[in-house]
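Heads up, the thing below is written out as structure tokens.
So that the names make sense, note that chain A is the first sequence line, chain B the second, and so on, each numbered from 1. For the numbers below, each heavy atom of this structure counts, side chains included, while hydrogens, waters and symmetry mates do not.
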2 protein chains.
Amino acid sequence: MPEQNNSHLHALKVSCSNCTLRELCLPVGLNRDELAQLDAVIRQSRRLKRGEYMFRSGEAFKSLFAIRTGFFKTCMSSQDGREQVTGFHMSGELLGMDGISANVHGCDAIALEDSEVCELPFTRMQSLSRDIPSLQHHFYRLMSREIVRDQSIMLLLGNMKADERLAAFLLNVSSRLATRGFAANDFILRMSREEIGSFLGLKLETVSRTLSKFQQQGWIKVDHKHIQLYQTDELKNLISGCIHAQSH
Amino acid sequence: MPEQNNSHLHALKVSCSNCTLRELCLPVGLNRDELAQLDAVIRQSRRLKRGEYMFRSGEAFKSLFAIRTGFFKTCMSSQDGREQVTGFHMSGELLGMDGISANVHGCDAIALEDSEVCELPFTRMQSLSRDIPSLQHHFYRLMSREIVRDQSIMLLLGNMKADERLAAFLLNVSSRLATRGFAANDFILRMSREEIGSFLGLKLETVSRTLSKFQQQGWIKVDHKHIQLYQTDELKNLISGCIHAQSH
DNA sequence: CGTCATTTTGATTGGCGTCAAAAGGTGTGG
DNA sequence: CCACACCTTTTGACGCCAATCAAAATGACG
């Protein structure tokens with residue numbers, strides 16, 4: 001049973017000061033003192049098992065959540081039951097920012113593997129960020145990055161074909177894993193074909209077929225959720241025309 | 001020639017204090033004093049003629065822009081020349097927030113009719129928002145709203161069929177016009193069929209065909225850019241299944 | 001070990017893209 | 001103000017990509 005030894009609960013008292021995710025998460029460029037203030041605001045982290053909700057659409061918004069370990073999906077569900085996955089999220093990423101506008105969470109956040117998150121009470125973060133300008137700026141940057149991310153997904157959903165979407169998806173996962181020190185070309189997908197399809201605006205059969213096609217061409221190896229990238233150049237070629245020009 | 005009478009330049013000195021857009025734009029819930037501070041930060045507004053750029057992708061990010069009057073599109077262009085419209089924007093809306101993350105504008109913003117914008121130098125807004133908590137909170141809310149907006153477009157692009165997308169688009173334009181005191185069911189589209197298509201992930205022929213179909217069914221009247229909505233209920237029916245459940 | 005969920009693969013369908021042409025509108029210069 | 005060129009829009013015919021329907025294979029989990 002999961003909670004038989006409570007010893008780790010003590011270890012769970014989090015501290016940004018010695019968190020290995022510092023460069024990915026909030027506390028970029030803060031000094032010792034400011035880090036201590038941040039630590040004081042962050043609630044003891046929370047463990048979630050696979051399938052558990054971090055928050056649900058419609059719940060009152062009180063906190064942002066930073067992923068310490070694990071993997072999440074965020075999704076919205078329509079009235080007729082279909083769900084649209086709006087993102088997959090890994091360690092160091094901040095979830096819940098869409099809840100600020102209406103004080104209500106706008107999507108569900110669900111753990112795709114056993115995970116651990118830090119809770120950041122928003123009003124306290126807000127007042128803290130008034131005292132620490134670089135924290136305030138960093139917050140704006142994170143929200144802006146989310147806007148940029150969403151817009152690049154709009155571009156993907158609006159312009160790209162099935163194989164281009166899959167290629168962009170695989171390369172995106174790969175580079176984010178690499179940023180976190182994992183292997184870039186050999187990884188386990190935490191989500192189902194259906195969830196990938198929902199995210200990419202495709203049906204699960206199309207996802208499966210396209211992965212098989214990539215494998216037949218020798219670009220990747222697919223063994224269920226275990227993916228190996230052999231020829232990332234070919235994948236990059238596929239999407240080279242669709243990505244936005246880094247003009248000027 | 002456009003600038004032959006400079007008299008209006010004087011009139012252009014903007015003031016949030018007496019701006020009719022207050023409820024739509026930034027200064028919500030500020031007192032007299034705070035409004036004065038805000039006015040001091042906002043640069044004299046700028047006039048743009050149809051087709052002019054407010055900013056371009058790749059330009060250094062220095063300011064956000066609030067639309068006083070007029071109509072804009074934002075778009076990203078891919079390396080092979082195709083463009084994806086990421087949004088249409090009307091008075092009271094704030095543009096440029098995607099530039100905060102990388103200090104570089106991430107899209108083009110182009111006037112679709114003669115327009116007037118207020119420039120908000122970002123660093124000054126940032127420091128001002130430290131002094132005025134409600135301004136800071138409002139800023140977070142605006143950025144969060146942009147995230148919510150983008151995600152609902154992701155849902156549209158990922159799940160909906162052509163006619164559902166068009167219906168959602170028409171109803172969205174209609175409600176935003178109504179919010180600004182214009183007629184909700186009788187309006188002129190400022191953008192071309194191709195721009196609508198780009199925004200909705202459709203080709204211009206499909207947009208045209210679908211509008212014709214709606215007209216044949218008696219739901220709307222299409223006279224080029226002049227649109228009249230006769231049966232909004234039918235349009236709402238069309239998308240009733242796809243919109244996200246307002247749970248709880 | 002049996003049941004259920006997930007994934008793969010095939011056959012078929014349908015919606016939207018593509019190509020094409022004509023009509024209508026817009027803007028410019030004479 | 002008109003004539004002309006150009007652009008936008010509409011409509012039709014056709015083709016293709018991905019959805020749908022279906023069934024078998026494989027894996028996951030109690």
L189(B) CG - dT10(D) C1' separation (whole Å): 16 Å
Closest heavy-atom pair and its distance - C107(A), C75(A): CB-O, 3.4 Å
NE2-CG distance between H89(A) and L112(A), expressed to the nearest 0.5 angstrom: 9.5 Å
pair V222(A)-I227(A): side-chain heavy atoms closer than 4.5 Å: yes
For DNA chain C, the residues among residues 197-213 of chain A that have a non-hydrogen atom under 4.0 Å from it: L204(A), E205(A), S208(A), R209(A), S212(A)
Parallel, tilted or perpendicular, as decided by the 30° and 60° cut-offs, for the rings of F65(A) and H105(A): tilted
Rounded interatomic separation in angstrom, taking NZ from K221(A) and P from dT8(C): 12 Å
Distance (rounded to the nearest 0.5 Å) between L166(A) CG and L171(A) CG: 10.5 Å
Flag side-chain contact, heavy atom, 4.5 Å: F199(B) against K73(B): no
Rounded distance (Å) that lies between atom P of dT6(C) and atom CG of D223(A): 18 Å
Ion pair D114(B)/R50(B), N-O distance below 4.0 Å: no
Protein-nucleotide distance (R190(A), atom CZ; dA28(D), atom P), rounded to Å: 13 Å
Length of the CD1-C1' vector between I196(B) and dT9(D), whole Å: 11 Å
Minimum-distance nucleotide (side-chain atoms of H224(B) versus dT7(C), dG25(C), dC29(D)): dG25(C)
SB check E93(B) R145(B) (cutoff 4.0 Å): no
Whole angstrom value for the distance that separates P of dT10(D) from CG of L166(B): 11 Å
Nucleotide dA28(D), atom P - distance to CE of M191(A) in whole Å: 17 Å
Members of residues 157-164 of chain B that approach DNA chain C, where some heavy atom sits under 4.0 Å away: K161(B), A162(B)
Any R50(B) side-chain nitrogen or oxygen under 4.0 Å from OP1 or OP2 of dG27(C): yes
Flag if over 12 foreign heavy atoms under 6.0 Å of CD, E83(B): yes
Separation of atom NZ in K225(B) from atom P in dT8(D), rounded to whole Å: 8 Å
